[in-house]
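Input: a single structure, listed below in C-alpha cells.
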Amino acid sequence: MRIMLLAFSLMMSFVSFGQGTTTGSITGKITDINGMTLPGVTVIATHTPSGTTMGTVTNEEGFFRLENLRVGGPYTVKATYIGFGEVALEGIDLRIGESQKYDFEMSETITELTTVEVVASAGNTGENAGASTHISTEAIERMPTLNRDIDDFLRLTPQASGYSDGTSFGGMNNRYNAIYIDGAVNNDVFGISSSGTNGGQTGISPFSIDIIDQFQVAISPYDVALGGFAGAAVNAVTKSGTNKFAGTAYYFMQNESLVGKTNQQVLDRTTADDQPTKVAEFNKSTYGASLGGPIIKDKLFF
C-alpha cells in the first residue's frame, strides 16, 4: 500500500511540474467616494462572446480577485452593493498569465447612476513579471508565414534568433526551450529533432497554427507556474467556442515557381555560365477547416 501511495505521489509531482499558465485573472480594490473600503461587494466578470460568468465578493479590506479566467475577451466586470449604485467596466481583454488590476469607486444612491467613473492602476502584474512577449490572435492572423510554422511567430520576441531548425532565446540552445500547449509539455522528449519540437524531424510544425488563440513567450518569468527551462517558455492556449457558430476553411499551395532561386551557397546555385538555377519541381499543399460553437449556451462549447 505504501509503495502505491509513493508511486501516486511521484506521478502527481510530475504532473504538477508539467503545468503551465493557461488563464488570466482580474484583481482590484473597491472603495466609496471617501476612500473607505467596502467589504462584501459582489463582483461579476462576464465573458461577452460566450456569456460565461465568474463571481466573487470583496474581503474585509475591500480587495477582490477573480482567478482562472479564460484568456481573450472582451470581459465586462460589474460591482454591486446594497445602497450603492452599480459600476461597470467593459472591453477588458485578458492575456495568458497576466493579472489585470482595476480599482472601483462606488457612490451611495437609490437611483441608477448616469455617470460612472472607473479608476484603473497603470500596469498589469503579468506585464511586469519578467521579460516576456505576448503574441495575440490578431498578430497571428496578420503575420506573414511561409511554412505556417511556430518559429515564424516566435521571432516577434526581441531575444529570439534562428538556431538550427528552431529558435534560440537569449543565446541558449533551442533544445532547452519549454513548449506548453494548454498547460501540457509539448517538447521533443526523445531528442530526435534538431528543432526541439514534436514532429520536427519530419519538417512540420508540432501543431496547426490555426488552433492557437494566443502565445506567451516568457524569458525570465517570476511566476512559479513556469519553470524547468533555459531560454524561453513558449506558453500557448488553443481556441474555444462561443455562443455563435463560426468556422473557417483554408488552402495554401507552394511550388517551384513561388520560391524563387535555390537558397544554397553561391557556388551551388549557379551554373557554369554564372546563371542562377531554379529549384527542382515540387508541389506542397496544406488545407483544413475549423468549426466552433455552443453545446450548451453560456456553459459548454466546442
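Side-chain contact between Phe169 and Pro158: absent, with no pair of heavy atoms (C-beta onward) separated by less than 4.5 Å. No side-chain heavy atom of Glu90 sits under 4.5 Å from any side-chain heavy atom of Pro74. Contact annotation: the side chain of Asn283 never approaches that of Gln254 to less than 4.5 Å [non-hydrogen atoms, C-beta and beyond]. Proximity of Met143 to Leu156: side-chain heavy atoms (C-beta onward) are separated by under 4.5 Å at one or more points. Put simply, the side chain of Asp213 reaches to within 4.5 Å of the side chain of Val71, judged on heavy atoms. At a threshold of 4.5 Å between non-hydrogen side-chain atoms, the residues Phe84 and Ser107 do not count as touching. Counting heavy atoms from C-beta outward, Thr31 and Phe104 have side chains that stay 4.5 Å or more apart. Side-chain contact check for Ile33 versus Glu105: some heavy-atom pair is nearer than 4.5 Å.
In terms of heavy-atom proximity, Leu94 sits nearest to Gly24 at CD1-C, 4.2 Å. Taking both residues in full, the closest heavy atoms of Arg65 and Ser99 are given as NH1-OG, 3.9 Å, listed atom of the first, atom of the second, then distance. Closest of all the heavy-atom pairs between Ser168 and Gly171 is OG-C, 3.5 Å. The two residues Gly72 and Gln214 come nearest to each other via the heavy atoms N-NE2, 3.7 Å. Nearest heavy atoms, Tyr81 versus Pro39: OH-O, 3.1 Å. Nearest heavy atom pair, residue Asp151 against residue Thr167, reads OD1-OG1, 2.8 Å.
Cluster membership check: Val237 does not share its hydrophobic cluster with Ile212, using side-chain heavy-atom separations under 4.5 Å among Ile, Leu, Val, Met, Phe, Trp and Tyr. Criterion: ILVMFWY side-chain heavy atoms under 4.5 Å apart, direct or through other members. Under it, Phe302 and Leu300 are part of a common hydrophobic cluster. Ile26 and Leu89 end up in the same hydrophobic cluster when Ile, Leu, Val, Met, Phe, Trp and Tyr side chains are linked at under 4.5 Å. Met172 and Val217 are not part of a single hydrophobic cluster, where members link through side-chain heavy atoms under 4.5 Å apart.
Note: Thr238 OG1 to Asp182 CG = 3.5 Å, rounded to the nearest 0.5 Å. Between the CD1 atom of Ile179 and the CD1 atom of Ile181 there is a distance of 7.0 Å, given to the nearest 0.5 Å. How far OG1 of Thr58 is from CZ of Phe64: 9.0 Å, rounded to the nearest 0.5 Å. Distance check, rounded to the nearest 0.5 Å: OG of Ser25 to CD of Glu98 gives 9.5 Å. Taken from CG in Asp152 to CG in Leu154, the straight-line distance is 9.0 Å, to the nearest 0.5 Å. The structure places NZ of Lys29 at 8.0 Å from CG of Asp103, a figure rounded to the nearest 0.5 Å.
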Exercise. List the steps and the verdict of side-chain contact (heavy atoms from CB on, under 4.5 Å) for Phe229 and Asn177.
Key: CA-CA 6 Å; Phe229 69 91; Asn177 299 330; over 6 Å; no

Quiz item: Stepwise, does the side-chain contact (heavy atoms from CB on, under 4.5 Å) test hold for Leu69 with Met54?
Solution: CA-CA 8 Å; Leu69 298 176; Met54 178 75 74; 3.6 Å; yes

Quiz item: Going through the checks in order, is the side chain to side chain donor-acceptor pair (under 3.5 Å) test met by Thr46 and Tyr75?
Solution: CA-CA 5 Å; Thr46 302; Tyr75 278 88; over 6 Å; no

Quiz item: Passes salt bridge (charged side-chain N to carboxylate O under 4.0 Å, His left out), Asp93 versus Arg95? Steps please.
Solution: CA-CA 7 Å; Asp93 285 295; Arg95 308 199 303 190; over 6 Å; no

Exercise. Tell me, with the steps shown, if Met106 and Ile30 meet side-chain contact (heavy atoms from CB on, under 4.5 Å).
Key: CA-CA 7 Å; Met106 304 184 73; Ile30 300 180; 3.6 Å; yes

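Ring orientation note: the planes of Phe215 and Phe153 are close to parallel, at an angle under 30° on the 30°/60° scale.
A side chain to side chain contact (heavy atoms under 4.5 Å, CB included) with Tyr102 is found for one member of Thr27, Val77, Ile92 and no other, namely Ile92.
Between Ser290 and Thr248, the side chains place a donor N or O and an acceptor N or O closer than 3.5 Å (distance only, hydrogens not considered).
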